[in-house]
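Following: one structure in structure tokens, then a few remarks.
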Amino acid sequence: QVQLVESGGGSVQAGGSLTLSCVVSGYMSRRSCMAWFRQAPGKEREGVATILAGVSSYSNSVEGRFTISQDSAKNTLYLQMNRLNAEDTAMYYCAAESLFCVVGRATSYLYWGQGTQVTVSS
């Protein structure tokens, strides 16, 4: 059984930084597509970034500010978030295993974490 557990969320002022982590337990291929999504209250779940075999992609809203990475030895996915603004406030989820591995298409991901809250105050 694959499990994903996020951590690292919190409250930060606009312009600040946070790093989210997602620890993966259970079997997963080294070539599994991994992703970060977010969902703000009253809004649909939004794709933020994906990574597959070291190749990453980002949504337009976070390109240049966020960096997705993974440490295979630690079975951990990261999301480094810089220059945060109020629009980044959301619950952030990591997801794994998608045939498409594109930013978005939440329904294509098989495994999800429980989420970690990020709140940015202006």
Side-chain angles (χ1 to χ4, degrees):
Q1 181 73 15
V2 175
Q3 291 186 325
L4 286 69
V5 179
E6 303 97 332
S7 62
S11 296
V12 64
Q13 288 192 332
S17 299
L18 280 175
T19 299
L20 306 183
S21 300
C22 173
V23 177
V24 181
S25 60
Y27 173 78
M28 183 167 292
S29 166
R30 290 182 178 274
R31 291 187 58 82
S32 294
C33 175
M34 302 288 295
W36 286 99
F37 286 79
R38 66 186 182 185
Q39 188 166 19
K43 295 188 177 181
E44 293 186 354
R45 192 164 294 192
E46 172 193 15
V48 173
T50 61
I51 188 167
L52 174 62
V55 179
S56 56
S57 298
Y58 300 91
S59 67
N60 291 336
S61 61
V62 307
E63 179 88 51
R65 299 188 298 123
F66 290 11
T67 302
I68 187 172
S69 62
Q70 62 187 142
D71 185 334
S72 297
K74 297 182 178 179
N75 290 331
T76 302
L77 179 73
Y78 301 99
L79 185 68
Q80 172 68 43
M81 306 184 294
N82 298 325
R83 291 183 281 134
L84 287 160
N85 57 59
E87 289 68 39
D88 296 317
T89 294
M91 184 72 78
Y92 283 72
Y93 300 89
C94 66
E97 293 287 13
S98 169
L99 292 178
F100 305 102
C101 207
V102 296
V103 177
R105 297 195 72 168
T107 56
S108 70
Y109 286 82
L110 292 178
Y111 305 107
W112 290 86
Q114 83 291 347
T116 186
Q117 178 67 38
V118 172
T119 302
V120 184
S121 58
S122 56

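Positions are given from 1 along the sequence.
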Check for a donor-acceptor pair, side chain of R83 on one end and backbone N or O of G64 on the other, with a separation under 3.5 Å.
yes
Any non-hydrogen side-chain atom of T50 less than 4.5 Å from a side-chain atom of V102?
no
Taking the side chain as everything from C-beta on, heavy atoms only, tell me whether V12 gets closer than 4.5 Å to T119.
no
Considering non-hydrogen atoms only, spot the tightest contact between S122 and A14 and give its length.
CA-CB, 4.1 Å
Which heavy atom in G47 sits nearest to a heavy atom in S59, and how many Å separate them?
O-CB, 3.5 Å
Establish, for the pair R38 and Y93, whether the NZ or CZ atom is under 6.0 angstrom from the six-membered ring centre and no further than 45 degrees off its axis.
no
Side-chain donor or acceptor of E6 paired with backbone N/O of C94 under 3.5 Å:
yes
Tightest non-hydrogen contact, residues T76 and S21, listed as CG2-CB, 4.2 Å
Could you tell me whether the side chain of E46 reaches within less than 4.5 Å of the side chain of S61, counting heavy atoms only?
yes
Would a 4.5 Å heavy-atom cut-off, applied to side chains only, mark Y92 and Q39 as touching?
no
I'd like to check V48 versus V103 (side-chain heavy atoms, cut-off strictly below 4.5 Å). Are they in contact?
no
So, taking the atom named CD1 in I51 and the one named SG in C101, what distance separates them when rounded to the nearest 0.5 Å?
9.0 Å
Quick check: do Y111 and V24 have side-chain heavy atoms less than 4.5 Å from each other?
no
Value for OH (Y78) from CH2 (W36), rounded to nearest 0.5 Å, stands at 10.5 Å
Any donor-acceptor pair under 3.5 Å linking the side chain of T89 with the backbone of V120?
yes
Going by distance alone, is a donor N or O of one side chain under 3.5 Å from an acceptor N or O of the other, for S17 and N82?
yes
Counting N and O atoms only, with roles assigned by atom type, does the side chain of T116 sit under 3.5 Å from a partner on the main chain of S7, one being a donor and the other an acceptor?
no
Of all heavy-atom pairs linking S32 and E97, the shortest is OG-OE2, 2.9 Å
Contact summary for S108 and S98, nearest pair of heavy atoms:
OG-OG, 2.8 Å
Taking the six-membered ring for Trp, are W112 and F37 ring centroids under 6.0 Å apart?
yes
Measure the spacing between CG of L84 and OG of S11 and express it to the nearest 0.5 Å.
11.5 Å
Give a yes or no on this: more than 12 heavy atoms of other residues, nucleotides or ligands lie within 6.0 Å of atom CG of N60.
no
With no hydrogens and no angle check, is any side-chain donor or acceptor of Y109 less than 3.5 Å from a backbone partner on M34?
no
D88 vs R65 side-chain heavy atoms within contact, under 4.5 Å:
yes
What do the steps show when you test T19 against Q80 for side chain to side chain donor-acceptor pair (under 3.5 Å), and what is the final call?
CA-CA 4 Å; T19 299; Q80 172 68 43; 2.4 Å; yes
Could you check if a side-chain atom of V118 sits within less than 4.5 angstrom of a side-chain atom of L20, using non-hydrogen atoms only?
yes
